[in-house]
Number of protein chains: 2
Amino acid sequence: MHRLYHFPLSPFSRKARLVLAEKKIEVELIEERFWEERSEFRRLNPAGKVPVLKVDDFILSESNAICEYLEEKHPNPPLLPRTPEERAEVRRLVSWFDDKFYRDVTVNLLGERMMKRITGVGYPESTNVKEGARQIKMHLDYMSWLLDRRRWLGGNMLSLADFSAAAQLSCLDYISDVDWNRAPLVKDWYATIKSRPAFRSLLSDQLSGFPQPPHYANLDF
Amino acid sequence: MHRLYHFPLSPFSRKARLVLAEKKIEVELIEERFWEERSEFRRLNPAGKVPVLKVDDFILSESNAICEYLEEKHPNPPLLPRTPEERAEVRRLVSWFDDKFYRDVTVNLLGERMMKRITGVGYPESTNVKEGARQIKMHLDYMSWLLDRRRWLGGNMLSLADFSAAAQLSCLDYISDVDWNRAPLVKDWYATIKSRPAFRSLLSDQLSGFPQPPHYANLDF
């Protein structure tokens, strides 16, 4: 039995959910307000972060460890290519989105505009929001550059790189912070990935007090 | 031919150097002042960070992708255990040190006290330094807790988790920011790992203008 402690607007939780769904692994979702630092949750993950995956009595945390584990235990469909070189390129991009995109963009936009309100730690810092708005352009341009050369972000197959990127972008799309018109190739890529069955659970996420914008779950946005 | 673009006080460069050395892969080290944003280096890694590994004409970046690649191409000696569960625990700790330890401690201590001076972006922020000094205690305690239960940080074998941790701590040790007396188990673990041949290149690092403290390269510190 798989149980995932997650938060709907955590991009790392979303990445784990996408990988679980793509591999058709049934999972029970438990929403965890991780910032409340429940002592029971701290025992599951001393880092205090979501996602945490419980597989029977075995506990995993850190989205990278979770996704690599799922890939090893459930190799079909594969989300990492075959050669070490191709795998390195996918993993480079996983780090790019999990680390660079997350800190350049997601923290500055979603963190300031949503998570501060949800967790009650103050008001958005406008310089950070501006920085995030500036950075997302650079990132969309880089993604366009990649998608101009490749079928998927990490190469010729759908991979963890695509799910890492889609996890970040889908959170930002919930607050309408993605200017899809800037990057038609990225929009096409996102439309393709959004229409996969694995994406359905994300599109039905509702955050109380923060309704979905109309385009969010629309496959023809 | 392996070539590594690195910076001596970059913990992620150090992790890659340790893994290369442990696997006895000869490498040419190129010191890269990554913050100067050399355009040639930007072409190697658009994220602008070290380490970058060049293997013949193939270019890799992001320390996680580099280490996983080296593990796949040069499986001996193994630095990841065999079962998916054990591997997940090692990867959880790699993320713990690369992400949490790095941001809680290394950025606040090494970043403020050294990197700001080296890169010429201002003076240490004392609140950050204090926060780093507070956080390192928590981290040493957590490492002690792990080492009280296991032979190595990630389990029964030396793994990427140990090298991730040692890479961070060795940078902090260069500026004498580790209170080894607080955590005898961590000190013993570090003495063991420091005496490995793979560590030698790190212990001979010299930063112009910032001499090594006497205990840094001493195996009996």
Side-chain angles (χ1 to χ4, degrees), chain A residues 12 42 44-49 51-75 80-104 107 138-139 141-143 145-146 154 160-161 164, chain B residues 12 42 44-49 51-75 80-104 107 138-139 141-143 145-146 154 160-161 164:
Chain A
F12 305 102
R42 275 270 164 182
L44 295 179
N45 181 10
K49 298 187 295 188
V52 168
L53 180 66
K54 206 161 168 278
V55 183
D56 302 319
D57 283 333
F58 182 64
I59 292 152
L60 298 98
S61 59
E62 293 297 339
S63 73
N64 186 55
I66 291 172
C67 293
E68 296 270 358
Y69 168 86
L70 292 171
E71 183 68 11
E72 291 176 356
K73 285 289 263 198
H74 306 269
L80 280 174
R82 264 176 2 116
T83 73
E85 287 74 16
E86 292 167 314
R87 296 159 75 85
E89 175 61 1
V90 168
R91 289 187 175 118
R92 173 183 81 82
L93 287 168
V94 168
S95 293
W96 176 282
F97 291 106
D98 285 2
D99 183 39
K100 186 167 171 57
F101 186 104
Y102 174 68
R103 302 212 168 263
D104 288 349
V107 168
M138 187 280 280
H139 277 280
D141 292 350
Y142 182 57
M143 291 175 73
W145 186 88
L146 289 172
L160 294 178
S164 293
Chain B
F12 306 104
R42 275 270 165 183
L44 294 180
N45 181 10
K49 297 188 294 187
V52 168
L53 180 66
K54 205 159 168 279
V55 183
D56 302 320
D57 283 334
F58 182 63
I59 291 151
L60 299 98
S61 59
E62 292 298 339
S63 73
N64 186 53
I66 291 172
C67 293
E68 295 270 359
Y69 168 85
L70 292 172
E71 183 68 12
E72 290 176 358
K73 285 289 261 198
H74 306 270
L80 280 174
R82 265 173 5 115
T83 73
E85 287 74 16
E86 291 168 314
R87 294 158 76 86
E89 175 62 0
V90 167
R91 289 187 175 118
R92 174 183 81 82
L93 287 167
V94 168
S95 294
W96 176 280
F97 291 105
D98 285 1
D99 184 40
K100 186 167 171 57
F101 186 104
Y102 175 69
R103 303 215 167 260
D104 288 349
V107 169
M138 187 279 279
H139 277 279
D141 292 351
Y142 181 57
M143 291 175 74
W145 186 88
L146 290 171
L160 294 178
S164 293

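In what follows, chains carry the letters A, B, and so on, assigned in the order in which the sequence lines appear, proteins first and then strands, with residues in each chain numbered from 1. Hydrogens, waters and symmetry mates are skipped; everything else that's a heavy atom, side chains included, is used.
Ranked by heavy-atom pairs under 4.5 Å with chain B, the list A:Glu85, A:Lys73, A:Glu62 is led by A:Glu85.
A 4.5 Å side-chain heavy-atom check between A:Ser61 and B:Trp96 finds every atom pair outside the cut-off.
Once rounded to the nearest 0.5 Å, the distance linking OH of A:Tyr69 with OG1 of B:Thr83 reads 9.0 Å. Note that NZ of A:Lys49 and NZ of B:Lys100 are 7.5 Å apart. Values are rounded to the nearest 0.5 Å.
For B:His74, the ring pair (Phe, Tyr, Trp, His ring centres under 6.0 Å) test picks out B:His2, with sequence neighbours left out.
Only the side chain of B:Asp99 comes within less than 4.5 Å of a heavy atom in chain A; its backbone stays farther off.
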List, one per line, each side-chain donor-acceptor pair under 3.5 Å for residues 87-94 of chain A, sequence neighbours excluded.
from	atom 1	to	atom 2	distance (Å)
A:Arg87	NE	B:Glu72	OE1	3.1
A:Arg87	NE	B:Glu72	OE2	2.8
A:Arg87	NH1	A:Pro81	O	3.0
A:Arg87	NH2	B:Glu72	OE2	3.2
A:Glu89	OE1	A:Arg92	NE	2.9
A:Glu89	OE2	A:Arg92	NH2	3.0
A:Glu89	OE2	A:Arg150	NH1	2.9
A:Glu89	OE2	A:Arg150	NH2	2.8
A:Arg91	NE	A:Glu68	OE2	2.7
A:Arg91	NH1	B:Glu72	OE2	3.0
A:Arg91	NH2	A:Glu68	OE1	3.0
A:Arg91	NH2	A:Glu68	OE2	3.4
A:Arg91	NH2	B:Glu72	OE2	3.4
A:Arg92	NH1	A:Tyr142	OH	3.1
A:Arg92	NH2	A:Tyr142	OH	2.9

